[in-house]
Amino acid sequence: MTQTVLYERDGRIARITLNRPEVLNAIDGELPGALADAVAQADADPAVHVMVLAGAGRAFCAGYDLTRYASGEAGGDGGYAGQEMPWDPIQDYAFMWANTQHFMALWRALKPVICKVHGFALAGGSDIALCADLTLIAEDAEIGYMPARVWGCPTTAMWVYRLGPEKAKRMLFTGDRISGRGAADMGLVLKAVPAEALDDEVEALARCMASVPVNQLAMQKLVINQAIEATGLMNTQRLATIFDGITRHSPEGVNFKKRAQEVGWKQAVQERDSGTYDWTEDRLIEGSELP
């Protein structure tokens, strides 16, 4: 069986790679835990000073594997796919909270993590990318949390901590996806560079950081993270995780899942993102056409 997350050490740099390239590294039931395990391995290795997180193939991560989840193929793979009514919110919360904490392994690690984004970092993939300490992105990559339109709430809540309230609202009230250049201009990520320069840019930063003693890196990270955590980060994440489950079991969320099963995930997503479907009334909007 192919490993969903690859790990290797290159001198002082640990390289962690999401490895489901055939589905743009979409998140399945195994990937979050495997990611956390790789982070723990790097954190426990005294030779490692910095981690670089990337994605194999054409993208960093396209989010949860919703062709599988939303179409009902996931079976007993936890609460994410949506339960039959009446639903058990604690079952849903337990599943999503575990995944959120796996993603937050990047944040909690003593050693810094650089995330390298190419292609896409969408929905749950953006959750992963934004939990890293520093995120560098290709200018032509796309990042966004489209399920904010229906069927999702970003459980890590990192949008608001990186952007501040107004810009976070701008993104989550629309579910827009933006380019890497737009993400850098907005302040969501550290830097955007041409795609062909992304590897070199990340390597230069990683090697500069790797020349710093591990204890120095850890102390700086702990101090900066503490300033964020003191604002109530975990409480915010708990609320976001609860709301994520509610969005998928609201009348609109149930209608979205039903629509995906009827017409296929791709068309349902097109209707969601183009605003051509009324999820409350469960019908196409009269006169609207898919772009």
Backbone N or O of [Y] within a donor-acceptor pair of the [X] side chain at under 3.5 Å?
| X | Y | result |
| --- | --- | --- |
| N19 | T4 | no |
| Y145 | C153 | yes |
| N25 | A59 | yes |
| K111 | V48 | yes |
| H49 | G11 | no |

Is it the case that one hydrophobic cluster holds both [X] and [Y], taking links as side-chain heavy atoms less than 4.5 Å apart, direct or via other members?
| X | Y | value |
| --- | --- | --- |
| L136 | I128 | no |
| L6 | F103 | no |
| L24 | L18 | no |
| V117 | L130 | yes |
| I228 | M104 | yes |

Going by atom types only, do [X] and [Y] share a side-chain donor-acceptor pair under 3.5 Å?
| X | Y | result |
| --- | --- | --- |
| T155 | T100 | yes |
| T174 | R149 | no |
| R9 | Q41 | no |

Would you say the side chain of [Y] lies within less than 4.5 Å of the side chain of [X], judging by non-hydrogen atoms?
| X | Y | value |
| --- | --- | --- |
| L163 | L188 | yes |
| E271 | Q267 | yes |
| N255 | E281 | no |
| L134 | P112 | no |
| S250 | W279 | no |
| V39 | L106 | yes |
| V160 | K169 | no |
| M209 | I13 | no |

From the list D28, N99, D127, side-chain hydrogen bond (donor to acceptor under 3.5 Å, both in side chains) with Y64 holds only for N99

Under-4.0 Å salt bridge between [X] and [Y]:
| X | Y | result |
| --- | --- | --- |
| R259 | D282 | no |
| K116 | D199 | yes |
| E142 | R58 | no |
| D43 | R108 | no |
| R248 | D92 | yes |

Step-by-step salt bridge (Lys or Arg N to Asp or Glu O under 4.0 Å) determination, D176 to R170
CA-CA 9 Å; D176 281 350; R170 160 66 184 87; 3.0 Å; yes

Does E166, at its CD atom, have more than 12 non-hydrogen atoms belonging to other residues, nucleotides or ligands within less than 6.0 Å?
no

Could you state the interatomic distance from [atom1] ([X]) to [atom2] ([Y]), rounded to the nearest 0.5 Å?
| X | Y | atom1 | atom2 | answer |
| --- | --- | --- | --- | --- |
| H249 | D244 | NE2 | CG | 10.0 Å |
| C131 | Q101 | SG | CD | 9.0 Å |
| S179 | D185 | OG | CG | 7.5 Å |
| T276 | E286 | OG1 | CD | 13.5 Å |
| M96 | R238 | CE | CZ | 14.0 Å |
| L239 | Q237 | CG | CD | 11.0 Å |

Do you know the tightest heavy-atom contact between [X] and [Y]?
| X | Y | result |
| --- | --- | --- |
| V50 | A210 | CG1-CB, 4.0 Å |
| W107 | M158 | CE3-CE, 3.7 Å |
| A38 | V5 | CB-CG1, 4.0 Å |
| G55 | H118 | O-CE1, 3.1 Å |
| P21 | A56 | CB-O, 3.8 Å |
| L172 | P154 | CD1-CG, 3.9 Å |

Can you list the steps and then say if L122 with M146 is a side chain to side chain contact (heavy atoms under 4.5 Å, CB included)?
CA-CA 7 Å; L122 303 177; M146 302 85 69; 3.9 Å; yes

Under the salt bridge (charged side-chain N to carboxylate O under 4.0 Å, His left out) test, which residues partner E252, sequence neighbours left out?
none

Would you please classify the geometry between the W97 ring and the Y93 ring as parallel, tilted or perpendicular, with 30° and 60° separating the classes?
parallel

Students often mix this up, so state it plainly: with edges at 30° and 60°, are the rings of F256 and W265 parallel, tilted or perpendicular?
perpendicular

Stepwise side chain to side chain contact (heavy atoms under 4.5 Å, CB included) check, T241 with T156
CA-CA 8 Å; T241 303; T156 65; over 6 Å; no

Less than 6.0 Å separating the ring centroids of Y161 and W159?
no

Could you give all pairs that pass the salt bridge (Lys or Arg N to Asp or Glu O under 4.0 Å) test and reach residues 216-237, with sequence neighbours left out?
D133-K221

Would you check, one step at a time, whether the test side chain to side chain contact (heavy atoms under 4.5 Å, CB included) holds for L284 with D278?
CA-CA 6 Å; L284 283 166; D278 185 328; over 6 Å; no

How far apart are the C-alpha atoms of I143 and I178, what are their side-chain angles, what is the distance that settles it, and do they pass the side chain to side chain contact (heavy atoms under 4.5 Å, CB included) test?
CA-CA 5 Å; I143 187 169; I178 55 175; 3.9 Å; yes

